[in-house]
Amino acid sequence: ASSANLANNSAMNLISGVLAGQADTAFWDHRTLSASASETLDLAGSLVSPFGATLTFARIKLLMISGDATNTNNVVVGGASSNAVASLFGATTNTAIVRPGATLVWIAGIADSICYTVTAGTGDLLQVANSGSGTSVSYSVVVIGAST
């Protein structure tokens, strides 16, 4: 039998600010979508921090979407019909599938000053959808980034 060890230290240490290796904006939530439903998360102007402040991301340093293990359907991320965040997917219509119990993570390099850009009004919408009918899906979302 063959075996292989994979060592991966993907820790991300950020300090307060907006430059490379820094972040000043964070959002996290646990959400539920009914059967066949979708929602659009506006990363530049509609998400609210735990302290009640409206968040405006200009750069995403980390995006994590986790589908609940009890889901029957998949969570589909991306593909907003307009103003999609293309920097994450390469094209506005592309999507990623998060299977039940799975986690999808984008992490910008710690020295990356550009990261995944968000452009208010033209490239700031992140669609999240339930892949099927019959049952709802629940998911957790974490977005960490910079406001400029």
Side-chain angles (χ1 to χ4, degrees), residues 8 10-148:
N8 183 346
S10 293
M12 177 182 239
N13 295 310
L14 299 170
I15 61 172
S16 181
V18 296
L19 303 175
Q22 301 176 346
D24 69 344
T25 309
F27 172 80
W28 60 92
D29 198 7
H30 188 262
R31 305 167 79 87
T32 300
L33 296 169
S34 59
S36 301
S38 66
E39 67 178 340
T40 303
L41 304 177
D42 184 346
L43 300 177
S46 73
L47 299 180
V48 178
S49 78
F51 306 108
T54 301
L55 301 172
T56 301
F57 289 89
R59 304 187 186 287
I60 298 171
K61 309 283 182 144
L62 175 140
L63 173 65
M64 181 171 66
I65 307 279
S66 298
D68 283 11
T70 56
N71 290 345
T72 300
N73 298 333
N74 298 326
V75 176
V76 181
V77 183
S81 60
S82 65
N83 303 335
V85 181
S87 63
L88 291 166
F89 299 96
T92 58
T93 57
N94 291 347
T95 60
I97 302 296
V98 181
R99 296 191 41 76
T103 298
L104 181 65
V105 180
W106 282 272
I107 301 174
I110 195 72
D112 185 355
S113 62
I114 297 171
C115 305
Y116 299 101
T117 57
V118 175
T119 306
T122 61
D124 58 352
L125 302 181
L126 180 66
Q127 180 173 281
V128 183
N130 183 337
S131 70
S133 61
T135 62
S136 62
V137 294
S138 294
Y139 71 97
S140 295
V141 56
V142 177
V143 186
I144 297 174
S147 60
T148 60

Can any side-chain N or O of [X] pair as donor or acceptor with the backbone N or O of [Y] at less than 3.5 Å?
{"X": "Asn73", "Y": "Gly132", "value": "yes"}
{"X": "Asn71", "Y": "Ser138", "value": "yes"}
{"X": "Lys61", "Y": "Ala146", "value": "no"}

*Could you check Val76 against Ile97 for side-chain contact (heavy atoms from CB on, under 4.5 Å), going step by step and ending with a plain yes or no?*
CA-CA 5 Å; Val76 181; Ile97 302 296; 3.7 Å; yes

Rounded to the nearest 0.5 Å, what separates atom [atom1] in [X] from atom [atom2] in [Y]?
{"X": "Thr32", "Y": "Glu39", "atom1": "OG1", "atom2": "CD", "answer": "9.0 Å"}
{"X": "Trp106", "Y": "Phe89", "atom1": "CH2", "atom2": "CZ", "answer": "4.0 Å"}
{"X": "Leu47", "Y": "Asp42", "atom1": "CG", "atom2": "CG", "answer": "7.0 Å"}
{"X": "Met64", "Y": "Ile107", "atom1": "CE", "atom2": "CD1", "answer": "9.0 Å"}
{"X": "Asn130", "Y": "Leu33", "atom1": "CG", "atom2": "CG", "answer": "6.5 Å"}
{"X": "Asp24", "Y": "Ile15", "atom1": "CG", "atom2": "CD1", "answer": "11.5 Å"}

What closest approach, in Å, do [X] and [Y] show between heavy atoms, and which atom pair accounts for it?
{"X": "Tyr139", "Y": "Ile65", "answer": "CD1-CG2, 4.0 Å"}
{"X": "Ala129", "Y": "Ser38", "answer": "CB-CB, 3.6 Å"}
{"X": "Asp124", "Y": "Ala44", "answer": "OD2-CB, 3.6 Å"}
{"X": "Ser136", "Y": "Ser34", "answer": "CB-CA, 3.9 Å"}
{"X": "Cys115", "Y": "Ile60", "answer": "CB-O, 3.2 Å"}
{"X": "Val141", "Y": "Leu41", "answer": "CG2-CD1, 4.3 Å"}

_Leu43 and its side chain to side chain contact (heavy atoms under 4.5 Å, CB included) partner, picked from Leu63, Val85, Leu55, Leu125_ =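 That would be Val85.
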
*Can Val77 and Leu126 be said to form a side-chain contact (heavy atoms from CB on, under 4.5 Å), step by step?*
CA-CA 7 Å; Val77 183; Leu126 180 66; 3.8 Å; yes

*Quick one: do Arg59 and Asp112 satisfy side-chain contact (heavy atoms from CB on, under 4.5 Å)? Show the steps, please.*
CA-CA 10 Å; Arg59 304 187 186 287; Asp112 185 355; over 6 Å; no

_Full working for side-chain contact (heavy atoms from CB on, under 4.5 Å) between Leu14 and Gln22_ = CA-CA 5 Å; Leu14 299 170; Gln22 301 176 346; 5.8 Å; no

*asked:* Any non-hydrogen side-chain atom of Ser147 less than 4.5 Å from a side-chain atom of Val18?
replied: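 When only atoms from C-beta onward are counted, Val18 and Ser147 do touch, with a gap below 4.5 Å.
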
*Can you establish whether the number of heavy atoms outside Arg31 located under 6.0 Å from its atom CZ is more than 12?*
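Counting other residues, nucleotides and ligands, CZ of Arg31 exceeds 12 neighbours.
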
